[in-house]
Amino acid sequence: MVVGIKDAAKLFVISIMVCCAVLVCTMFLNFNMDIAAIKDEITSETVMIFYNAQVSVAKVVSAVSGGCLLITSIIMLIFYIKHYVDIHKKELGILKALGYSNLKIAKNFWIFGISVFIGAVIGFCMAFIIMPLFYEIQNEDKILPEISINFHMELFGYFVIVPTFVFALLSIMFAYFRLKEPVLFLLKDNLQVAAKSGKHKKDKESKEKDCLFTDDLKSSTLKSRKTLTFFIIFASFCFSSMTQMSFSMTDLSSEMFAVMIILIGLVLAFTTLFLAITTVVNSNTKTIAMMRVFGYSQKECCHAILGGYRFISYIGFVIGTIYQYVLLRIAVDIIFKDISNVPEYKFDVPAMFISLISFIVIYEIIMYCYSERIKKISIKEVMLEY
Amino acid sequence: MIEAKEIEKYYGSKESRFKVLKGVSLKIEDGDFAVILGASGSGKSTFLNVLSGLEYADKGTVSYDGMDITKISDDKLTEFRRENIAFIFQQYYLLPNMNVDKNVKMGADLAGNKDYKSIIAAVGLGEKLNKYPSELSGGEQQRVSVARALAKKPKVLFLDEPTGALDEQTGRQVLDYICRLKKEHGFTIIMVTHNQNIAEMANTVIKMNSGKISEVYINNIQKNVYEIGW
Ligand SMILES: Nc1ncnc2c1ncn2[C@@H]1O[C@H](COP(=O)(O)OP(=O)(O)OP(=O)(O)O)[C@@H](O)[C@H]1O
Ligand SMILES: [Mg+2]
């Protein structure tokens, strides 16, 4: 067996993300469907306006947050399978060399669908647990008639069954395409890397005369995995934009909205960061182990492997700060255009500082955890695996 | 001087505990060329790893000039390896996503060695600085790992079947580079090998048998790499 439950378990980040996405979507869409049932009971015009507003808010929120989470989890899943195939290239290559067909190997990857299924089911159930409270808040002032909670089978289909199958299929397809590479590419370490980057290295050589090996390693780690760089920027971007937006939200809009935004931001930021850094460390275990054999200290290893990402994450933070300011500026200008006594929106400096400080603290804690993990890499085990 | 006293090493947990080293004692003088011979599974690699501080012994001590390395922390041990030791392995263990130049630089940096390119040239890879390990033949990869180890200017060089994956000619070449540099720098060599003939190059020969040293003898005449059989 190439892919086991254990590998799917490592995908729990995806589960968390899917869980959140399904939770948000189910809650709002279920509300939408239930609220539609009371449409006929509405008589007055003002209530109708309120009704329409509720419907469109529910739609927008589920589309934006749910869609955002869903897209991210799709990207991450694809990325994870790519990574999985990359680090298990040898085993896959051996199976292929022995004569297993690509499809036969790729079929094993359906198991990744399970982690999606688990996340989706939990999200779906949680949505129903939170729903009574949510319905109450939505209809706090009792403007609308009592809305009762109904179970909609089609939602279960859309948010649990369909994603599971789509993701399972996606996994198989993706693995299949990766496996199409020639056996030798799979069996040999980084033949492609070599082929790709072999040429343009030459002209640079003269420049990097006096820098240390660890610096070389730092820059080559950064360069060799551009998707990861993107993910780390994305993670700090989510953190900075969502937390700051949420602070401003409390003034501009409802608290409920603010809480949701901050939760989504944190989930996105942590899951992406976790996945990205885990990948960085995993794909460098050999290098780290050999460096330790030769006597590089844990600190030097961490500096070389992880140090390069610190600056990048700050870039993400800055982009996120600018993004949320521009977005809110525009939103305030458009939405509150016709309304009098608009809440004044200014760049929220204290919020930025709170967000920045918590970002730095959390980032350093996470990096510390990973450096402990690097310390625990067993030299002997890595050598046996080579 | 390296001194191992009554080393024991176990693998596995309680029930399936398996004694790999059953009380091994040994003395190796500075500048020695020691060869460890023995059947497969007799614990040669394990002994080498314990001697070099890659693994902790369960019992016994290993001391370098009187300093016991079995009692120091992992960080201290790493520092010790950094200052004193280099390795060459049968499986090369090169860094897969670094080119030849960077692979050797990894060793050279630790000794502050700026002149490591001359060592790459000395092992005949001057033309292949920008190649990646996957683009090299087995013999070339092993020469990179030799260059990496020697660029570190170690006091003790540990080799675990360095020629195990090489044919006769490349094997001899690799040993030749190592011996030449040993003459120049005078480091200590401790080598595990399956090849009986290589033992004739050494001055101390250690034979291991199921976790114990069964015989140690001194060669008065050391042959050079082209005089031995293969
Ligand atoms: N990490 C490990 N866990 C459990 N047992 C191990 C481990 N490493 C080695 N062994 C066992 O210890 C014994 C000695 O292994 P070692 O690698 O030292 O032998 P060796 O003399 O180097 O053999 P070879 O010549 O084949 O390399 C073997 O029986 C092996 O199965
Ligand atoms: Mg061995």
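Chain letters run A, B, ... following the sequence lines, proteins first, then strands; residues in each count from 1. Predicted model only: the values in this text are computed from it and were never measured. Side chains are part of it too, since the values below use all heavy atoms of this structure and drop only hydrogens, waters and symmetry mates.
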Is it true that, when you exclude [X] itself, more than 12 heavy atoms of the residues, nucleotides or ligands shown sit nearer than 6.0 Å to its [atom1]?
X: A/Y368; atom1: OH; result: no
X: B/K131; atom1: NZ; result: no
X: B/K5; atom1: NZ; result: no
X: A/Y100; atom1: OH; result: no
X: A/K380; atom1: NZ; result: yes
X: B/K71; atom1: NZ; result: yes

Out of curiosity, [X] [atom1] to [Y] [atom2], how far, rounded to the nearest 0.5 Å?
X: A/F213; Y: B/N103; atom1: CZ; atom2: CG; value: 7.0 Å
X: B/D101; Y: A/D216; atom1: CG; atom2: CG; value: 8.0 Å
X: A/T287; Y: B/K102; atom1: OG1; atom2: NZ; value: 13.0 Å
X: A/S297; Y: B/E79; atom1: OG; atom2: CD; value: 8.5 Å
X: A/I379; Y: B/N49; atom1: CD1; atom2: CG; value: 9.5 Å

Q) Would a distance-only check, ignoring hydrogens and angles, find a side-chain to backbone donor-acceptor pair under 3.5 Å from A/Y296 to B/T78? A)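 No; judged by distance alone, with no hydrogens or angles, the pair does not exist.
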Q | Polar side-chain atom of B/R81 near backbone of A/F294 as donor-acceptor pair, under 3.5 Å | A |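 Looks like no, no N/O pair under 3.5 Å.
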Q. Which heavy-atom pair separates B/L54 from A/V293 by the least distance, and what is that distance?
A.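 Taking every non-hydrogen atom into account, CD2-CG2, 3.9 Å.
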Q. Shortest non-hydrogen contact from A/L217 to B/M98?
A.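 Heavy atoms only, the tightest pair is CD1-CE, 3.1 Å.
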Q: Go through the atoms of B/F80 and report whether side chain, backbone, both or neither lie under 4.5 Å from a heavy atom of chain A.
A: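 Contact with chain A involves no heavy atom of B/F80 at all.
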Q: Go through the atoms of B/M106 and report whether side chain, backbone, both or neither lie under 4.5 Å from a heavy atom of chain A.
A: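 Contact with chain A is through both the backbone and side chain of B/M106.
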Q | Close approach to chain A in residues 175-190 of chain B, criterion heavy atom under 4.5 Å | A |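 No residue falls under the 4.5 Å cut-off.
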Q: Could you tell me whether A/R292 and B/D74 have a side-chain N and a carboxylate O separated by less than 4.0 Å?
A: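 Here A/R292 pairs with B/D74 in a salt bridge, since their nearest N and O are under 4.0 Å apart.
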Q) Does a side-chain heavy-atom distance below 4.5 Å link B/L95 with A/K286? A)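 Of all side-chain heavy-atom pairs linking A/K286 with B/L95, none is under 4.5 Å.
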